[in-house]
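Everything numeric in this text was worked out from a predicted model, so none of it was measured.
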Amino acid sequence: MKLSLKRLSGRSMTGGLDLAEAPPPPSPRSAARKTALASLAFVLAIVGALAGGYYFAMRPVTLKIAVGPANSDDVKVVQTLTQAFSQSKGQVRLRPIQTDGATASANALAEGKVDLAIVRGDLDVPKNAQAVATLRKNVVVLWSVPGKGKKRGAKITRISQLAGHRVGVVGRTQANVNLLKVILQQYGVDAAKVEIVQFPANEVAEAIKAQKADVYLAAGPVNSKITADAIAASTKDFGAPSFIAIDSADAIAQNHPVYEASEIPAGTYGGSPARPEDEVKTISFSHHIVARKGVSETTIAAFTRQLFAVRQQLVTEFPLAAKIETPDTDKDAVIPVHPGAAAFVDGEEKTFLDKYSDYIWWSLMALSAMGSIGAWFAGYLKKDERDSNNHQRERLLDMIAAARKCETTEELDQMQTEADEILRDTLRCYDHGAIEEGALTAFNIALDQFHSAVADRKALLMSLPQNLQRAGAQFRAAGNA
């Protein structure tokens, strides 16, 4: 039963006056309403915290990626991926940091200046680097040109014949020179007896025309434009080149796990007759996208997912994107895989709820327990006030019986005054939350009974002659004496 507080506070108690006429002291806001508002604010705070946590976890993250040198295929791929990531509005963005080459990129990752880097697998990989993807595989191409005029020499068809000759290495990176020395070592050729000449990729045609070397080495993708142009320049000036096979490719791969045995398919570089005419055995190595070990597993998983999602979209515009492959997830991989990339490759990537459901559940349980403890503690603090009000209600019930025996209206007025105080105290207790609405309803019933008893007794006393009222009062006074 809903109880009207206005009805309670507006009862006539003292001398027939309406309590509403005398302004009561300002009472605090209903405790129940305060509790409801506090609970609502608490719930909104929790929801806001969860929403903020979700936004923080899912907000776009920008990863710095080191790549170089300038105008290389790697730089072009990364720039294309950066644009694709921005357009896809995924969770990860890229910010390319251009370096002088793979070695400089690896150093930047080792120093913690970047989050990702493009590195060569045959160079020293930083200890804090973990594989995310294989950007491309490079093959080693060795070919010889017969030369013209006085520089025309014997035809070179085997690596063992390189002693005493000049080998032109395409590209300024020392890594290609080290690669040549690995090959020479496998065949027992003293590197000191081989004259190694390096020149940048944009000077290949001039170097070949000037006959600066007898044999040339290029390392890049099978369909590398740089390698194809160099071979075309050799053919134009000196006729069909002789491709030199690395027959010991399996042995090199066994001794140096960063390399793999590979083949150059017949006709890879076009021409008629095809260049080469037959399949040529060689070695290959990879360019990897590696991540710093400290980068979040969630972030790298998202990056890997976006990388392979946009790869297919870029193939038509940028064929090199088709060379991107998943990393080696074996435990004995040369470069250990990043847990985030492994989760994507193995199909074990966790969603937001998978990762944080336990935390959310335990947080809700803890909040529920805290709420229960808080409610019990609040009730405990109001125990004395609640007990005092219970005693006052009992007093009101006793006053009902006493009112039926009163002999004068003055006594009834005194009881009404006391009932006023009990009413004020009860309403104050209700506002403070010390008593519930059910207790207030019970008090209302008792108050109604009290009013009925007072009204009945007053009617009876008013109907008696004044001399009988005085006699009754004197009789009671004598009895008390």
Side-chain angles (χ1 to χ4, degrees), residues 1-43 368 370-462 473 476 480:
M1 179 179 65
K2 296 288 184 180
L3 184 63
S4 173
L5 296 181
K6 183 176 180 181
R7 177 187 169 196
L8 279 175
S9 60
R11 291 186 183 279
S12 174
M13 293 187 177
T14 306
L17 296 176
D18 192 341
L19 286 179
E21 296 177 1
S27 62
R29 182 182 295 179
S30 168
R33 185 179 179 188
K34 284 184 178 180
T35 303
L37 292 176
S39 300
L40 178 60
F42 185 72
V43 170
S368 177
M370 290 175 60
S372 300
I373 294 173
W376 174 85
F377 187 69
Y380 177 79
L381 293 177
K382 297 171 183 176
K383 180 176 180 297
D384 293 341
E385 188 175 4
R386 185 167 53 253
D387 291 342
S388 174
N389 185 258
N390 288 337
H391 291 313
Q392 290 182 336
R393 188 175 62 189
E394 294 296 326
R395 168 60 182 159
L396 184 62
L397 293 175
D398 293 339
M399 288 168 59
I400 295 174
R404 300 184 188 281
K405 299 177 182 180
C406 284
E407 298 297 335
T408 64
T409 57
E410 288 79 4
E411 293 179 2
L412 293 175
D413 290 340
Q414 291 176 358
M415 288 186 181
Q416 285 180 328
T417 301
E418 185 176 356
D420 286 349
E421 296 300 327
I422 294 175
L423 174 60
R424 287 194 182 93
D425 185 75
T426 299
L427 295 178
R428 190 177 298 112
C429 288
Y430 179 74
D431 284 340
H432 291 171
I435 61 175
E436 303 295 335
E437 188 171 344
L440 194 63
T441 301
F443 175 79
N444 182 45
I445 295 174
L447 191 60
D448 283 340
Q449 292 296 318
F450 173 74
H451 283 167
S452 297
V454 169
D456 292 344
R457 191 60 181 173
K458 278 190 174 183
L460 179 61
L461 292 176
M462 294 299 292
R476 287 195 306 276
N480 292 335

How long is the straight-line distance from [atom2] of [Y] back to [atom1] of [X], given to the nearest 0.5 Å?
X: Leu423; Y: Asn444; atom1: CG; atom2: CG; result: 9.5 Å
X: Ile400; Y: His451; atom1: CD1; atom2: NE2; result: 10.0 Å
X: Gln449; Y: Met399; atom1: CD; atom2: CE; result: 14.0 Å
X: Leu412; Y: Gln414; atom1: CG; atom2: CD; result: 9.5 Å
X: His391; Y: Leu396; atom1: NE2; atom2: CG; result: 15.0 Å
X: Leu427; Y: Asp425; atom1: CG; atom2: CG; result: 9.0 Å

Exercise for review: Assess whether side-chain contact (heavy atoms from CB on, under 4.5 Å) is satisfied between Phe443 and Ile422, documenting all intermediate values.
Suggested key: CA-CA 10 Å; Phe443 175 79; Ile422 294 175; 3.5 Å; yes
**Study point:** Side-chain donor/acceptor of Arg457 to backbone N/O of Cys406, under 3.5 Å
**Key:** yes
Review point. Can you check whether Glu394 reaches Leu397 side chain to side chain, under 4.5 Å on heavy atoms?
Key: yes
Point to revise | Beyond-backbone contact of Lys458 with Asp413, side-chain heavy atoms, under 4.5 angstrom | key: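 Yes - at least one pair of side-chain heavy atoms lies under 4.5 Å apart.
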